K.L.:
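Provided herewith is a single structure, encoded as structure tokens, for subsequent inquiry.
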2 protein chains.
Amino acid sequence: MSEDSDFPIDNLPYGVFSTPGTGRRVGVAIGRWVLDLGAVLDDPDFRTPSLNAHLSRGPERWAQVRARLVELLTDERRRPLVEPYLVPLDRVTLHLPFEVADYVDFYASEHHAANLGRMLRPGQDPLPPNWRHLPLGYHGRAGTVVVSGTPVIRPCGQRMEHGAPGPVDGPSRRLDVEVELGFVVGVPTAPGESVPTRRFDRHVFGVVLLNDWSARDLQAWEYVPLGPFLGKSFATSISPWVVPMAALGAARVPGPPQSPEPIGYLREEPHWSLDITFELELNGEVVSRPPFAQMYWSPAQLLAHLTANGATLRTGDLYASGTVSGPNPGEAGSLIELTWGGTRPLRLRDGSSRAFLEDGDVVTIRASAPSASGGRIGFGELTGTVLPAVSRPER
Amino acid sequence: MSEDSDFPIDNLPYGVFSTPGTGRRVGVAIGRWVLDLGAVLDDPDFRTPSLNAHLSRGPERWAQVRARLVELLTDERRRPLVEPYLVPLDRVTLHLPFEVADYVDFYASEHHAANLGRMLRPGQDPLPPNWRHLPLGYHGRAGTVVVSGTPVIRPCGQRMEHGAPGPVDGPSRRLDVEVELGFVVGVPTAPGESVPTRRFDRHVFGVVLLNDWSARDLQAWEYVPLGPFLGKSFATSISPWVVPMAALGAARVPGPPQSPEPIGYLREEPHWSLDITFELELNGEVVSRPPFAQMYWSPAQLLAHLTANGATLRTGDLYASGTVSGPNPGEAGSLIELTWGGTRPLRLRDGSSRAFLEDGDVVTIRASAPSASGGRIGFGELTGTVLPAVSRPER
């Protein structure tokens, strides 16, 4: 049922789908089908237009439902029970899989942070002095998190050209992407409660692919001292499928060495990462293959830091890794790195070249990871097309 | 009915209340009473546990309901209709008045920004080079916006002492407040749509008092280059009453001069501000009276900037002015300014002194503004007590 697919039985990612004339409901992807959980399971959590109810239940329930699905989908005798509720993937519309509560974006790749440091602060230490002591992060705009397929309108805003007397306003000229992994929080916390690294699995349900669209010119002018704002807040795209942590057991690998040793609440034993390889496609051509495994700060360290001050988690919180960039050429997760600030444009197979994104460009991110049975699982596709800027109305 | 109160007939702020044994519903404060709108009006928007439904309706509906309330509360013949639904304020519990969608915090006071610049970057221009060109802002944590009365647990986190070999982790030693005004968005926008300054009144329903609790030691260590994060994300308190913009007509005053002239989308004619005076009380003693009128960037300019990149607004979005600090002694809206970085502790009447907040301290913010009939309206009380830090669990 699921050969040569992103979605073998080892995966079972959750999404929200609809078909013409029917309402949104929760389903699980299997091969080229979606299993309608609202119909096949006697569970009101799945007869809702978001995954939030199931997210809130916690790891014991998550495991029960997953075990039940594996049983339904592998036991030949159950096939008559299941088949009526398998809908072909190419006939469904996929929606935002959960209601995003707060969205936090980290900066966990040493290679990405160092690349940006070399470009923005040449001659200085490429990493900020705090970078190896804590996972840097900031809050993004939850209301502009959109599902794959949603077009992205080129943002307008202020930019300051080098040597110009003052800023100008207009469509961004340095529109970029950031290839990231997003973590979906299920179980909330109480005020003052922090989540130790070993309790990551009690709170995080799964992951999505994430594209943190970025207007580099807006960002460069605004970000000192309060951080990224309009350069990022216009759109963040996520994949429609939430791959459960339970599907990523075989992808757990040791994390890279950390020096200095992390401060108490950031320690973890073992320090782990995920062996996920991304593909960044621009207009159908793969331009980079960023590897997640070498991310300096681990998924559990990011969550421990996010809650270290006692800030509460809500069901539907989304936190992202920051741009995934590896150490080698062709492993960077953003155009600003791949083209070194736009100075070395990419040459595409169609004969054109790109420093940054042009109107009409289609950006697609895919990824895969080892599966429990020795094969691979995929994450589906995260795609978006750049639309021209909208002119401002009269004042 | 409303003499000597924050809530005369010129005010009519909206909140969400409950009484023992009854559910949450929307009410309006009048004198020492709450008028139960769910009961007195035939309108399902008010029989819900948040103001969001009414917020979403837009200015024509907002005006209709306000006119109807004035009629009900001033026409003697209607008194029998109204009296059964007036609940004494001292018998209700007040809740978060709306579901917060995204929370953005600005930095719109020149005096506050310059004071912080002088402390953090002595000898340099106190304002960052972009400060007079755009209203600096960042996204905060919507999930930790809490209503007045909610205790605030002292946050833990990393701080870097001057000259220390590395950071230490522990309860913040520089816990502070920020006196701010928060703006509540009612009417959403479409992707790519920006809100011109003249259309502020189409989108913003009203205002709340806001305390942006801040751990200065956490913030100082983390904020370069991605801005404030854990130093702010543990708690943001708002007042239970949303004062409608319609009640603040008499408080509109010209804004301060702006130089250079703002770039196109930030221009407004006239440039306006609000004549609101705050009181910051520490353990019952007024320690500062910050004036809002001199805020450099206006409420409409903040909204125009927030949407200048086409980022969508949602009903329930909250954006705050940033710390309100005036030019004179005793007008700063934060302890870090009032005590000049803790170097000049405040002496309180009880004989104690404060550089920053101690456990058990009670912080209360009040404010008032001119009313349509020549008197004053108030904003109710925004209060919070500092609780001791919670120890971290074992890893």
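These numbers were taken from a predicted model, which means no experiment stands behind them. In what follows, chains carry the letters A, B, and so on, assigned in the order in which the sequence lines appear, proteins first and then strands, with residues in each chain numbered from 1. Note that these values count all heavy atoms, side chains included, but never hydrogens, waters or copies made by symmetry.
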K.L.:
Would you say the side-chain atoms of B:R392 pair up with the backbone N or O of A:A308, donor to acceptor, closer than 3.5 Å?
P.N.:
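Checking the backbone N and O of A:A308 against the side chain of B:R392, a donor-acceptor pair under 3.5 Å is found.
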
K.L.:
Between A:E193, A:H305, A:R199, which residue shows the highest count of heavy-atom pairs closer than 4.5 Å to chain B?
P.N.:
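Most heavy-atom pairs under 4.5 Å with chain B: A:H305.
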
K.L.:
What are the two closest non-hydrogen atoms of B:Y223 and A:P225, and how far apart are they?
P.N.:
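Result for this residue pair: CD1-O, 3.4 Å.
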
K.L.:
According to the interplanar angle, ranging from 0 to 90°, do the rings of A:W221 and B:H133 count as parallel (below 30°), tilted (30 to 60°) or perpendicular (above 60°)?
P.N.:
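If you compare the ring of A:W221 with that of B:H133, the planes turn out tilted.
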
K.L.:
Taking side chain as everything from C-beta outward and backbone as N, CA, C, O, which of these in A:I263 sits under 4.5 Å from a heavy atom of chain B? Side chain, backbone, both or neither.
P.N.:
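Interface part for A:I263: side chain.
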
K.L.:
Given the options A:G227, A:P129, A:P155, A:P171, which has more heavy-atom pairs under 4.5 Å with chain B than any of the others?
P.N.:
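Among A:G227, A:P129, A:P155, A:P171, the one with the most close pairs to chain B is A:G227.
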
K.L.:
Under a 4.5 Å heavy-atom cutoff, which of B:T150, B:V390, B:L226 has the most pairs with chain A?
P.N.:
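Answer, by heavy-atom pair count under 4.5 Å with chain A: B:L226.
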
K.L.:
Does A:Y138 have its ring centroid less than 6.0 Å away from the ring centroid of B:H139?
P.N.:
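No, they do not, as the ring centres are separated by 6.0 Å or more.
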
K.L.:
Using non-hydrogen atoms and a 4.5 Å limit, figure out which bit of B:A101 sits close to chain A: side chain, backbone, both or neither.
P.N.:
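It is neither, since no heavy atom gets under 4.5 Å.
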
K.L.:
Using atom types as modelled and distance alone, determine if a side-chain donor or acceptor of B:R141 lies under 3.5 Å from a backbone N or O of A:T312.
P.N.:
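Yes: the side chain of B:R141 pairs with the backbone of A:T312.
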
K.L.:
B:L313, B:T307, B:L218, B:D169: which one forms the most heavy-atom pairs within less than 4.5 Å of chain A?
P.N.:
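So the answer, after comparing B:L313, B:T307, B:L218, B:D169, is B:D169.
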
K.L.:
Starting at CG of B:D105, measure out to CZ of A:F229 and round the result to the nearest 0.5 Å.
P.N.:
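If I round to the nearest 0.5 Å, the distance is 9.5 Å.
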
K.L.:
Just verifying a value: how many Å separate A:L306 CG and B:S233 OG, rounded to the nearest 0.5 Å?
P.N.:
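If we round to the nearest 0.5 Å, A:L306:CG and B:S233:OG are 7.0 Å apart.
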
K.L.:
Could you tell me whether a side-chain N or O of A:N309 sits under 3.5 Å from a main-chain N or O of B:L230, the two making a donor and an acceptor?
P.N.:
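Looks like yes, one N/O pair under 3.5 Å.
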
K.L.:
Between B:R314, B:Q158, B:R154, which shows the greatest number of heavy-atom pairs under 4.5 Å with chain A?
P.N.:
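Most pairs with chain A among the choices: B:Q158.
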
K.L.:
Flag the one option from B:G310, B:P260, B:P167, B:A304 with the top tally of heavy-atom pairs under 4.5 Å to chain A.
P.N.:
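Most heavy-atom pairs under 4.5 Å with chain A: B:P167.
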
K.L.:
Any idea which of B:V195, B:I153, B:L134 has the most non-hydrogen atom pairs under 4.5 angstrom with chain A?
P.N.:
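If we count pairs closer than 4.5 Å to chain A, B:L134 comes out on top.
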
K.L.:
If you tally heavy-atom pairs under 4.5 Å against chain B, which of A:G137, A:S172, A:P151 wins?
P.N.:
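Going by pairs under 4.5 Å, I would pick A:G137.
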
K.L.:
Can you tell me which portion of A:P128 sits under 4.5 Å from chain B's heavy atoms? Options are side chain, backbone, both or neither.
P.N.:
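For A:P128, side-chain heavy atoms alone lie under 4.5 Å from chain B.
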
K.L.:
Taking A:V224's backbone N and O only, do any of them form a donor-acceptor pair with B:N130's side chain (distance below 3.5 Å, no angle check)?
P.N.:
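Judged by distance alone, yes, a pair lies under 3.5 Å.
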
K.L.:
Do other residues, nucleotides or ligands put more than 12 heavy atoms under 6.0 Å from the CD atom of A:E99?
P.N.:
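Counting other residues, nucleotides and ligands, CD of A:E99 stays at 12 neighbours or fewer.
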
K.L.:
Quick one: of B:G192, B:A215, B:G157, who has the most non-hydrogen atom pairs under 4.5 Å with chain A?
P.N.:
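Looking at each of B:G192, B:A215, B:G157 in turn, B:G192 comes out on top.
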
